[in-house]
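Chain naming here is simple, since letters A, B, ... match the order of the sequence lines and numbering starts at 1 in each.
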Amino acid sequence: MYGNAAIGEAAIRAGCQCYFGYPITPQNELTEYMATNLSRRKGCSFVQAESEVSAINMVYGASLAGVRTMTSSSSPGISLKQEGISYLAACELPAVIVNISRGGPGLGSISAAQSDYFQSTRGGGHGDYRTIVLAPSSVQELADLTHRAFDLADRYRIPVIILGDGMLGQMMEPLEFKYDAPSELPVRSDALRGAKGRPSRIVKTFTSRPTELEELNWSLFRRYRLIEKEETTYEIYLVEDAELVVVAFGAAARIAKGAIRNARANGLKVGMFRPITLWPFPYEKISELTQTTKHFLVFEMNMGQMIEDVKLAVEGKREISFYGRPGGVIPTPSEVLRVITRLYYQKGLKTEK
Amino acid sequence: MYGNAAIGEAAIRAGCQCYFGYPITPQNELTEYMATNLSRRKGCSFVQAESEVSAINMVYGASLAGVRTMTSSSSPGISLKQEGISYLAACELPAVIVNISRGGPGLGSISAAQSDYFQSTRGGGHGDYRTIVLAPSSVQELADLTHRAFDLADRYRIPVIILGDGMLGQMMEPLEFKYDAPSELPVRSDALRGAKGRPSRIVKTFTSRPTELEELNWSLFRRYRLIEKEETTYEIYLVEDAELVVVAFGAAARIAKGAIRNARANGLKVGMFRPITLWPFPYEKISELTQTTKHFLVFEMNMGQMIEDVKLAVEGKREISFYGRPGGVIPTPSEVLRVITRLYYQKGLKTEK
Amino acid sequence: MKKVYRRPKSLKRAAFHYCPGCGHSIVHRLLTEVFDEMNIQDKVIGIPPPGCSVFAYHYLDIDMAESAHGRGAAVATGLKRAYPDALVFTYQGDGDLAAIGTAETIHAANRGERITSIFINNAVYGMTGGQMAPTTLSNMKTTTTPYGRDTRLEGYPVRMSEMVALVKGAVYIERTAVNSPANIKKTKKAIRKAFQAQIDDLGYSLVEILSPCPTNWKMNPLESWQWVENEMTKEFPLGLIKDATRTKDSTGKRDAD
Amino acid sequence: MKKVYRRPKSLKRAAFHYCPGCGHSIVHRLLTEVFDEMNIQDKVIGIPPPGCSVFAYHYLDIDMAESAHGRGAAVATGLKRAYPDALVFTYQGDGDLAAIGTAETIHAANRGERITSIFINNAVYGMTGGQMAPTTLSNMKTTTTPYGRDTRLEGYPVRMSEMVALVKGAVYIERTAVNSPANIKKTKKAIRKAFQAQIDDLGYSLVEILSPCPTNWKMNPLESWQWVENEMTKEFPLGLIKDATRTKDSTGKRDAD
Amino acid sequence: MLLEQKTVLVKEMLIKTIFAGFGGQGVLSMGLNLSQAAMSEGKHVTYLPSYGAEVRGGTANCTVAISDEEIASPVASSPDFVVAMNQPSLVRFQNQIQSGGLLFINSSITEPVVSRGDIEVIEVPASDIAEELKSPKSANMVMMGAFSKKTNLVLLSTLIEVLKNTFKTKKMLIDINKKALTAGYDLF
Amino acid sequence: MLLEQKTVLVKEMLIKTIFAGFGGQGVLSMGLNLSQAAMSEGKHVTYLPSYGAEVRGGTANCTVAISDEEIASPVASSPDFVVAMNQPSLVRFQNQIQSGGLLFINSSITEPVVSRGDIEVIEVPASDIAEELKSPKSANMVMMGAFSKKTNLVLLSTLIEVLKNTFKTKKMLIDINKKALTAGYDLF
Amino acid sequence: MKGYIEIDQELCKGCHICIAFCPKDSISPSDKLNANGYSPVRFNSDGDCTGCATCAVVCPDVVIEVYRG
Amino acid sequence: MKGYIEIDQELCKGCHICIAFCPKDSISPSDKLNANGYSPVRFNSDGDCTGCATCAVVCPDVVIEVYRG
Ligand SMILES: Cc1ncc(C[n+]2csc(CCOP(=O)(O)OP(=O)(O)O)c2C)c(N)n1
Ligand SMILES: Cc1ncc(C[n+]2csc(CCOP(=O)(O)OP(=O)(O)O)c2C)c(N)n1
Ligand code: SF4
Ligand code: SF4
Ligand code: SF4
Ligand code: SF4
Ligand code: SF4
Ligand code: SF4
Ligand SMILES: [Mg+2]
Ligand SMILES: [Mg+2]
């Protein structure tokens with residue numbers, strides 16, 4: 001199954017009831033999967049919106065009604081959704097937003113890139129808010145993290161972004177779904193469904209009293225602290241004895257892994273650290289690694305964005321190098337291996353005896 | 001003159017020929033100033049667009065034609081402009097974008113806040129790009145930096161963001177303009193104005209060859225490095241002997257200054273560091289300060305955004321504390337003084353003998 | 001003596017924040033009268049806009065959620081699709097519905113979303129201080145047309161209702177005003193019909209209401225009510241613009257025109 | 001013998017990337033023929049969209065700049081306001097102009113921007129692989145309407161030109177097709193008239209062109225040309241939709257309708 | 001303790017005033033007048049009006065800060081002086097005034113029910129006096145006259161100069177407002 | 001030097017193939033068939049089609065990676081095998097092939113002008129044979145047969161199993177494609 | 001007197017719309033101010049109010065209740 | 001022969017639109033492939049082409065030049 005379809009099927013199995021999307025390459029297969037498979041499900045709804053702006057606001061509407069809902073797009077379309085995402089975050093409305101990102105800036109290229117890291121993790125929209133950001137690196141994980149995204153969104157009443165890329169969205173890999181579609185679609189208890197038998201409800205942020213808005217911000221951030229504590233996720237690979245740790249996420253991480261396997265075969269003690277949640281970012285674990293690792297290589301398919309988070313974690317305790325290819329160029333494992341090897345010897349790191 | 005009007009007048013004196021805007025509080029006086037004073041100038045144009053999305057794309061169009069052009073908005077409207085800003089950056093088109101920001105996220109409050117720091121400095125749009133971000137802290141500086149913004153935009157063919165806030169936009173202060181309006185409006189030589197007497201020109205980023213887009217990214221970043229080298233600007237205030245340095249920008253910085261004056265009167269050795277360019281951020285100077293300063297207090301009218309840049313600069317060498325009020329709450333100098341005083345004694349810093 | 005007029009049940013006991021003579025609060029009252037009469041207070045969900053009516057939820061005693069500027073029709077679409085049993089309406093200003101929300105409105109109407117839009121046309125951006133709206137009359141002065149709207153540069157008053165009437169999913173569109181007892185009564189009737197079209201599952205309904213904004217028009221309340229009559233209705237003629245509720249059966253299979 | 005047909009001068013010598021039988025390249029050719037005949041090649045600036053025609057600048061030998069999806073009319077507005085001596089046109093697909101660009105198009109038209117829009121209606125999103133467009137016919141299968149466009153859920157084919165014709169700033173609107181020699185010639189005439197309206201400083205002009213997309217319609221080229229005739233023109237009748245170029249003088253003072 | 005004193009010392013150089021009233025009472029003009037007068041006397045000045053939704057309720061206010069030094073914040077959470085032209089303003093702002101501050105009340109239309117003893121309340125029948133001067137609109141200038149006398153923040157003559165500038169072309173308005181200013185000034 | 005050798009060693013477990021041709025030639029099906037066959041033989045597999053604007057030109061390609069271990073990248077910048085069903089594909093991909101790799105050419109419509117000596121070129125008159133089988137559309141399966149024989153990547157029988165699954169309901173198609181596969185297999 | 005009305009003096013905004021539309025001149029302006037700074041109108045009990053409710057229909061602030069009978 | 005046409009064999013995409021619209025049956029399909037994988041059409045010089053240019057008007061790829069005289 002294609003990565004894009006895997007997300008769609010996983011969403012349906014997670015009880016996603018409403019999907020709103022707008023075509024854009026390289027995520028069209030997801031929109032099309034939902035058109036084919038969600039539109040005819042009982043109680044479910046698929047709408048091709050007139051724009052990405054519309055789609056995110058439809059998601060907002062469906063989330064108001066308490067159902068699991070989702071939209072997907074690619075980089076330029078995600079930019080258009082920023083205002084809507086800020087509203088979702090502000091109104092504490094769960095939603096899943098998939099970014100199968102591509103080369104930028106501008107219209108860019110439709111090839112895979114990771115240049116939307118800042119946009120996803122720092123909030124491309126206005127105001128102090130955060131969204132959970134999940135970065136899968138295989139088709140299996142696209143499916144698994146989609147399921148997790150819906151759970152997290154509901155548990156913390158927060159928008160969750162799945163940051164994939166054109167390579168993951170377009171490729172096919174063996175895949176197993178771990179859940180069946182629920183027989184009954186979930187509805188949140190705080191839904192707006194008419195004030196029957198209860199006082200009327202209001203969902204809003206606007207206020208003429210800044211202190212009220214400040215309180216909202218504080219309450220959001222208390223929840224964010226909780227999420228940081230509970231939900232930070234990462235993968236480590238051969239880091240125990242590693243002199244050099246490559247930090248990479250998503251597609252770049254699987255490429256790096258290939259390079260590392262070869263580096264190990266060559267006797268280089270290289271490991272990998274892969275953040276699975278880009279927010280909350282696993283600062284602590286990286287900070288821990290500074291005790292055993294001599295050098296870090298951050299490898300991204302962009303000009304260097306996650307590297308700031310790595311720097312924040314490392315706090316100057318170890319040197320950090322960067323290797324990046326932006327614009328939709330997909331580096332090869334052997335290219336990364338060359339980088340690792342050169343760096344390894346430059347920095348005089350110890351090889352396997 | 002109101003802060004908002006000061007920006008408008010400065011823009012006109014900088015030779016701004018086209019303004020495109022859409023109403024939103026607290027920046028309406030700027031739009032209205034341009035309606036009144038630009039619309040009737042010879043060769044100039046004022047358009048109230050049908051939305052912020054439209055306005056930024058009109059700016060893109062006017063910049064194609066080689067003229068000095070500008071748009072303004074406030075937080076939610078700036079979110080809507082993110083796609084357009086990414087296109088401007090990608091196509092290397094100069095433009096000035098004013099954000100008189102307000103409390104967020106969501107519809108938020110119309111009071112002054114600084115919660116759009118990440119959005120401005122990390123690129124709320126898609127792709128690897130940067131915009132110069134200028135943060136004025138007085139009405140005089142609103143005018144001065146507006147002028148500088150147009151110059152920088154043209155010199156580096158880059159969009160420049162002026163990040164103000166509702167307090168600066170709404171307040172009135174003595175003000176002097178340092179330039180007269182030019183008698184002839186400037187036109188860039190690379191303008192699209194019809195292929196008369198030269199080969200036809202294309203402005204675009206889209207490509208099916210990622211390496212082409214990669215090259216664009218590299219060339220942008222070479223320019224960004226140059227900007228970092230040449231244009232980083234900041235203000236320091238009583239830092240020479242300071243045990244504690246408050247780092248603040250924009251409106252927060254002037255509030256902090258008031259507090260610091262009082263703190264000094266009380267014998268506390270407190271200074272202030274104010275980045276004027278938020279991007280490029282003055283990492284180096286702060287890094288230098290770590291040699292003399294014991295402790296940093298980052299003070300922002302948000303939940304903590306610039307603090308990441310301060311951390312990146314300090315690299316764990318000194319402790320950093322944070323004080324922030326989000327949502328449009330405007331802290332008072334005496335409140336900040338209390339924070340400074342408490343912190344000062346907590347950290348056991350030395351007072352004036 | 002018998003009480004023959006009292007506050008509607010669905011209207012909360014709060015003082016309106018609107019300016020004296022403003023039409024918004026009249027429309028609020030009419031909405032709640034309709035809710036009471038149709039007994040739908042507990043089924044209705046309202047989407048107020050950024051705009052002078054942003055605080056509508058302080059007055060209407062029903063479920064409500066704020067929307068981003070111009071996106072009411074998209075938010076209502078999502079809500080209605082997720083929960084079709086609700087009666088969903090947007091409340092939108094002319095800046096909201098006819099400028100930034102043009103695309104959302106036209107396409108929700110075209111899809112025949114079973115929602116209702118209450119569209120307050122006061123010829124200006126009220127909330128933000130009186131800027132030009134798409135519906136601002138020719139030569140009218142506003143803060144962004146300080147010399148009067150110059151149609152050569154700033155365009156013409158947009159007749160959004162007529163435009164929306166062209167799409168087939170829109171089944172009921174009427175333009176009314178709240179500047180006289182008779183017009184107010186007609187407005188109420190139109191609101192009722194619009195909700196009925198939604199209840200009957202026919203498609204999109206829209207009531208455009210010409211509404212005085214004395215503050216930004218710089219008139220006293222009565223002058224502003226008269227100005228609606230004497231100036232606005234010339235550009236925006238009152239009356240039924242489209243009614244396909246009878247030719248369209250509830251399966252929606254038959255076309256609306 | 002005399003050469004009676006040769007490649008237009010303004011058309012670059014590049015191989016089109018379009019599918020066999022596609023209408024885009026015909027329109028490109030017609031544009032360049034008009035540029036040559038009107039001798040405006042060095043005054044024209046074109047704004048191509050994201051869409052199959054994103055690479056139009058590889059073919060038209062004029063100044064061109066890409067625009068964000070749907071924002072052609074806004075970009076053209078900015079460009080024309082900044083440099084009124086240019087002749088500015090947007091080239092837009094039906095997804096671009098009639099979905100995401102609805103608001104930009106209507107409001108640029110309403111302001112009477114002196115620009116021209118060439119609107120390629122091929123009833124699908126071509127570039128992205130054949131999804132439903134606002135203009136997709138009822139019951140038509142696309143990749144996002146795999147069971148056929150269900151008008152009850154997905155709305156009706158939108159007649160954008162008729163809608164734009166309602167605003168006064170639009171002075172010339174015609175719908176043509178590029179599926180036969182006669183229609184192709186009419187299309188060229190319409191394009192010429194549209195640019196003439198701009199040269200005469202009258203207002204906004206729009207030519208909607210029904211254009212075959214054999215690939216996404218899953219037909220061979222000839223079938224697709226016939227389908228334009230037999231199916232599309234039923235929903236989108238060809239002909240002049242609005243011509244206010246004669247009633248409007250160039251000061252723009254007189255109203256267009 | 002020492003700390004507190006020093007703080008107050010420094011603060012004395014900075015005076016913040018809030019003017020508040022109904023939309024039509026010209027409270028923003030009062031603030032503007034004071035600002036311009038202070039500026040022309042060579043002071044640092046900031047002026048900050050209320051804006052946006054706040055305006056909708058029919059009330060308005062503005063804050064003027066005057067100092068010999070750079071002004072940190074144009075906002076006054078505890079103003080030195082408050083001028084309340086109507087009842088709601090009185091209610092809203094009286095508790096914010098700094099201890100030892102002055103509260104000016106338009107006593108013609110406001111009941112001076114003030115609940116604290118650490119401020120001085122100055123009753124100015126501004127509307128009545130303006131009425132007497134046959135110029136009900138200049139109640140604000142009557143108040144400004146009284147304000148200038150009691151606070152000594154700026155000279156009456158400077159205020160009059162500013163007026164002349166503001167109404168450059170409208171001689172009649174200058175005269176009537178000057179009269180109002182003087183009437184207020186001479187009250188005390 | 002040692003380093004290089006080791007690298008090659010590890011890489012041998014990973015085989016990447018690019019299938020390329022005109023839109024109508026069924027190159028994506030070839031890739032899908034191979035992928036499914038390899039999967040059912042218990043291998044790690046990734047399949048990556050070309051997409052988007054690339055498709056517009058009338059050509060298509062896809063990449064299949066097969067390995068005993070996790071696959072790092074589904075992209076092949078230097079594939080082990082290339083199957084070129086037409087001339088433009090041959091031109092585009094022949095220089096990318098890994099030294100020692102195999103290049104399959106649909107020799108019925110392609111001129112095997114190959115400019116390097118470090119790869120093996122296998123000419124398969126796939127279109128002609130398919131024509132002979134009266135099924136011009138199954139040239140791709142003829143090629144797959146030859147590919148499976150020459151590369152030994154997957155068993156012919158597995159490919160046939162996959163076919164059966166793909167065309168579950170269309171018995172006729174199974175037969176004809178099976179015939180084509182076998183004809184290609186038996187060529188060498 | 002066939003009817004009478006009650007006007008909430010605190011919430012009336014003194015817009016005088018009711019005065020303009022009352023067919024019986026039964027409502028008059030006042031110049032006292034309420035806490036919100038508006039001059040609420042008052043009912044003329046000596047007029048001939050018919051309880052027609054026109055005033056309530058037009059009152060933007062819904063501050064009039066009408067009695068008839 | 002009143003006219004003739006030249007067809008760029010490398011750029012023709014074999015869409016056969018010209019064949020459908022030529023009033024004189026002067027264009028025929030072919031089955032040779034060009035480098036882009038399309039089968040370009042060819043001119044029947046033995047037909048009675050009038051040089052009417054209809055084929056050029058409809059050709060989507062602008063690969064026909066027409067001669068008459
Ligand atoms: C994205 C965005 N842009 C602008 C605004 C500012 N804004 C708030 S309301 C409004 C328009 C008000 O006019 P209208 O819709 O006509 O409503 P009215 O106040 O006249 O009832 C605007 C532009 C906003 N909140 N969000
Ligand atoms: C903001 C944004 N959303 C979506 C896209 C993806 N996209 C590119 S072209 C296109 C539409 C193509 O359809 P149309 O406008 O009808 O042109 P056609 O290809 O049919 O000529 C879309 C949705 C994009 N580039 N940018
Ligand atoms: S500004 Fe106009 S629309 Fe807004 S409340 Fe006042 S009168 Fe009503
Ligand atoms: S997909 Fe359709 S519109 Fe696009 S080039 Fe092919 S035929 Fe033309
Ligand atoms: S009920 Fe009728 S008559 Fe009585 S006060 Fe009201 S409008 Fe006048
Ligand atoms: S209409 Fe209502 S608010 Fe206005 S004056 Fe009459 S009672 Fe008061
Ligand atoms: S010129 Fe006319 S007759 Fe000759 S080939 Fe072309 S269409 Fe046929
Ligand atoms: S119409 Fe043109 S491209 Fe098509 S077959 Fe004829 S010559 Fe070739
Ligand atoms: Mg309005
Ligand atoms: Mg299309």
Contact winner vs chain A - B:S109, B:S75, B:G328, heavy-atom pairs under 4.5 Å: B:S75

Interchain contact, B:T211 with chain A, by part (heavy-atom threshold 4.5 Å): both

Heavy-atom contact with chain B under 4.5 Å, split by part of A:L220: side chain

A:Y117 ring center near A:F249 ring center (under 6.0 Å): yes

Which atoms of A:T207 approach chain B - backbone, side chain, both or neither, heavy atom under 4.5 Å: both

Test item: side-chain donor near acceptor, B:S72 and B:Q27, under 3.5 Å: yes

Check: A:Y323/A:E335 side-chain N/O donor and acceptor closer than 3.5 Å: yes

Toward chain B, the part of A:L312 with a non-hydrogen atom under 4.5 Å: both

Polar side chain donor-acceptor pair, B:H295 to B:S321, under 3.5 angstrom: yes

Greatest number of heavy atom pairs closer than 4.5 Å to chain A - which of B:E212, B:K204, B:E308, B:Q305: B:E308

Choice from A:E315, A:K81, A:E83, A:Q114 maximising heavy atom contacts with chain B below 4.5 Å: A:E83

Residue B:Q119 versus chain A: region with a heavy atom under 4.5 Å: both

Heavy-atom proximity to chain B below 4.5 Å, by part of A:E215: neither

Chain A interface, residue from B:S120, B:G77, B:P76, B:G103 that has the most non-hydrogen pairs under 4.5 Å: B:P76

Heavy-atom pair count under 4.5 Å with chain A, highest-scoring of B:G127, B:G304, B:P210, B:G106: B:G106

No-hydrogen, no-angle side-chain donor-acceptor test under 3.5 Å, B:S115 and A:D128: yes

Criterion side chain to side chain contact (heavy atoms under 4.5 Å, CB included) against B:E52, the qualifying member of B:P23, B:S79, B:S73: B:S73

Polar contact flag, side-chain donor to acceptor under 3.5 angstrom, A:N28-A:T25: yes

